[in-house]
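One structure is given here, and the rest of the page talks about it.
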Amino acid sequence: MNPSPHPHFAIAIDGPAASGKSTLARHLAQRLGLVMVNSGAMYRAITWKTLQQGIDPLDSPAIIALLDRLDIQCGSDGTMSTLTIDGIDPGDELRSEAVNANVSAVSAIPEVRKVLIDLQRGYLTHSSIVMEGRDIGSVVFPDTPYKIYVDAAEHVRAARRGNDGEVDSIAQRDAADSQRKTAPLIVADGATILDNSDHTIESGVEAAIEILRSQGLPV
Ligand code: DC
């Protein structure tokens with residue numbers, strides 16, 4: 001038998017925009033003592049850099065060339081993922097209207113996904129993680145038994161994003177993320193759906209723990 005290269009595991013949390021998956025993933029990671037990794041921030045960072053460089057977000061060859069020149073450093077502060085791109089942490093810029101409007105186009109480029117998926121998998125060499133995104137259970141960690149698909153009614157998601165004060169066409173972004181050719185948003189094989197429409201943070205975490213227990217996590 002091949003010994004496992006490391007003792008770590010991943011909990012995959014996928015779902016559409018503003019379904020509450022980041023909040024859930026953050027609190028779940030806290031509760032279980034794991035590192036929370038926000039994979040969307042990585043796609044947002046490449047989008048931010050693309051716009052900053054004046055590159056058209058639809059110009060795939062230019063973005064692929066940019067990727068070769070970038071220094072992307074992914075790490076963690078012990079509880080949350082951290083990221084710098086050419087030495088800079090873009091911070092709140094990652095959630096700007098311009099990034100929201102263009103991140104789906106940039107994240108549909110297969111070469112972008114390949115670079116980021118390698119970085120995402122790299123987290124497991126250091127720690128067990130809760131990673132949230134769109135393709136975590138289907139593509140990044142298809143073999144993990146711990147998979148949750150977080151959904152919420154569209155009006156709840158729209159209200160949530162409005163309350164965050166963000167300008168974000170989530171319906172458009174969801175359509176693009178679900179219809180793209182490479183790694184679209186899907187309910188991964190083996191994932192359990194958690195309807196987050198009416199949960200508080202605490203009851204959502206409890207529901208997630210119940211699902212993970214049923215998937216074999218000893219919690
Ligand atoms: O989770 P988020 O809304 O911050 O993600 C921003 C965008 O990044 C999302 O619209 C699609 C893309 N994304 C992706 O393609 N795959 C992931 N695993 C995470 C995010």
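What you see is a predicted model, and the numbers here were worked out from it, not measured in a lab. We use all heavy atoms of the structure for the numbers below, so side chains are in, but hydrogens, waters and symmetry mates are not.
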Partners of Tyr123 by ring-ring contact (aromatic ring centres under 6.0 Å, His included), sequence neighbours excluded?
none
Carefully, step by step, assess Asp177 and Ser104 under the rule side-chain hydrogen bond (donor to acceptor under 3.5 Å, both in side chains).
CA-CA 6 Å; Asp177 295 342; Ser104 289; 2.8 Å; yes
Here the pair of heavy atoms bringing Arg160 nearest to Asn196 is NH2-O, 3.3 Å
For atom CG of Asp198, decide whether the heavy atoms of other residues, nucleotides or ligands shown that lie under 6.0 angstrom number more than 12.
no
Got Pro145 and Leu217 here, is their nearest side-chain heavy-atom distance under 4.5 Å?
no
Report the residues that fulfil salt bridge (charged side-chain N to carboxylate O under 4.0 Å, His left out) with Arg44, sequence neighbours left out, ordered by chain and then residue number.
none
Shortest non-hydrogen contact from Ser197 toward Ala153
OG-N, 3.0 Å
Shortest non-hydrogen contact from Ser138 to Ala188?
N-CB, 3.6 Å
Which distance, rounded to the nearest 0.5 Å, do you find between the CZ of Arg134 and the CD1 of Ile13?
13.0 Å
Is there a donor-acceptor contact under 3.5 Å from the side chain of Ser178 to the main chain of Asp174?
yes
Side chain to side chain contact (heavy atoms under 4.5 Å, CB included) involving Pro184 - partner list, sequence neighbours excluded:
Arg180, Ile186
Heavy-atom count check: over 12 atoms from other residues, nucleotides or ligands less than 6.0 Å from Glu97 CD?
no
Partners of His27 by side chain to side chain donor-acceptor pair (under 3.5 Å), sequence neighbours excluded?
none
Asn38/Leu83 under side chain to side chain contact (heavy atoms under 4.5 Å, CB included): CA gap, chis, key distance, verdict
CA-CA 10 Å; Asn38 179 347; Leu83 177 149; over 6 Å; no
Shortest non-hydrogen contact between Pro57 and Asn102, atoms and distance:
CG-OD1, 3.4 Å
Can you measure from CD (Gln73) to CG (Leu119) and round to the nearest 0.5 angstrom?
9.0 Å
Which heavy atom of Thr144 sits nearest to which heavy atom of Ala12, and what is that distance?
CG2-CB, 4.3 Å
Start with the C-alpha distance between Ser22 and Glu132, add both sets of side-chain angles, then the distance that settles side-chain hydrogen bond (donor to acceptor under 3.5 Å, both in side chains), and finish with yes or no.
CA-CA 7 Å; Ser22 303; Glu132 57 106 347; 2.7 Å; yes
Should Ile55 and Leu94 be regarded as members of a common hydrophobic cluster, given that ILVMFWY residues are connected when their side-chain heavy atoms come within less than 4.5 Å of each other, either directly or indirectly?
yes
May I ask whether Val139 and Ile109 are part of the same hydrophobic cluster, defined by side-chain heavy atoms of I, L, V, M, F, W, Y residues being less than 4.5 angstrom apart, directly or through others?
yes
If Ile, Leu, Val, Met, Phe, Trp and Tyr residues are connected whenever their side-chain heavy atoms lie under 4.5 Å apart, and connections chain through other members, are Met131 and Tyr43 in the same group?
yes
Do the side chain of Asp71 and the main chain of Asp86 share a donor and acceptor less than 3.5 angstrom apart?
no
If we only count heavy atoms from C-beta on, is the Arg113 to Gln120 side-chain gap below 4.5 Å?
no
Side chains of Cys74 and Met42, heavy atoms from C-beta outward: is any pair under 4.5 Å?
yes
Supply the atom-to-atom distance Glu93 CD to Asp89 CG, rounded to the nearest 0.5 angstrom.
10.5 Å
Listed partners of Glu154 passing salt bridge (charged side-chain N to carboxylate O under 4.0 Å, His left out), at least two apart
none
Could you point out which residue of Leu194, Ile211, Asp195, Leu185 forms a side-chain contact (heavy atoms from CB on, under 4.5 Å) with Tyr149?
Leu185
Note, Val112 side chain near Ile63 side chain (heavy atom, < 4.5 Å):
yes
Does some side-chain heavy atom of Val205 sit less than 4.5 Å from a side-chain heavy atom of Leu24?
yes
Taking all atoms of both residues into account, what is the closest heavy-atom pair of Arg173 and Ala17, and its distance?
NH2-CB, 3.5 Å
Residues Arg31, Glu206: salt bridge by 4.0 Å N-O rule:
yes
Identify whether Ile136 and Met80 are in the same connected component of the hydrophobic contact network (ILVMFWY, side-chain heavy atoms under 4.5 Å).
no
Let me know which of Val115, Val99, Leu70, Val103 forms a side-chain contact (heavy atoms from CB on, under 4.5 Å) with Ile46.
Leu70
Taking only residues two or more places apart in sequence, or in another chain, which ones meet Asp118 in a salt bridge (charged side-chain N to carboxylate O under 4.0 Å, His left out)?
Lys114
Is a side-chain N or O of Arg157 found less than 3.5 angstrom from the main chain of Ser19, in a donor-acceptor match?
no
Would you confirm whether Thr47, through its side chain, and Val106, through its main-chain N or O, come within 3.5 Å as a donor-acceptor pair?
no
To the nearest 0.5 Å, what is the distance between CG on Leu32 and OG on Ser128?
10.0 Å
Return the CD to CD1 distance between Gln52 and Ile85, rounded to the nearest 0.5 Å.
9.0 Å
Say whether Val140 and Ile129 are linked into one hydrophobic cluster, either directly or through other cluster members, by side-chain heavy-atom distances under 4.5 angstrom.
yes
Residue that, paired with Leu28, satisfies side-chain contact (heavy atoms from CB on, under 4.5 Å) out of Thr23, Ile201, Leu212:
Leu212
Output for pair (Lys21 NZ, Asp151 CG), nearest 0.5 Å, gives 10.5 Å
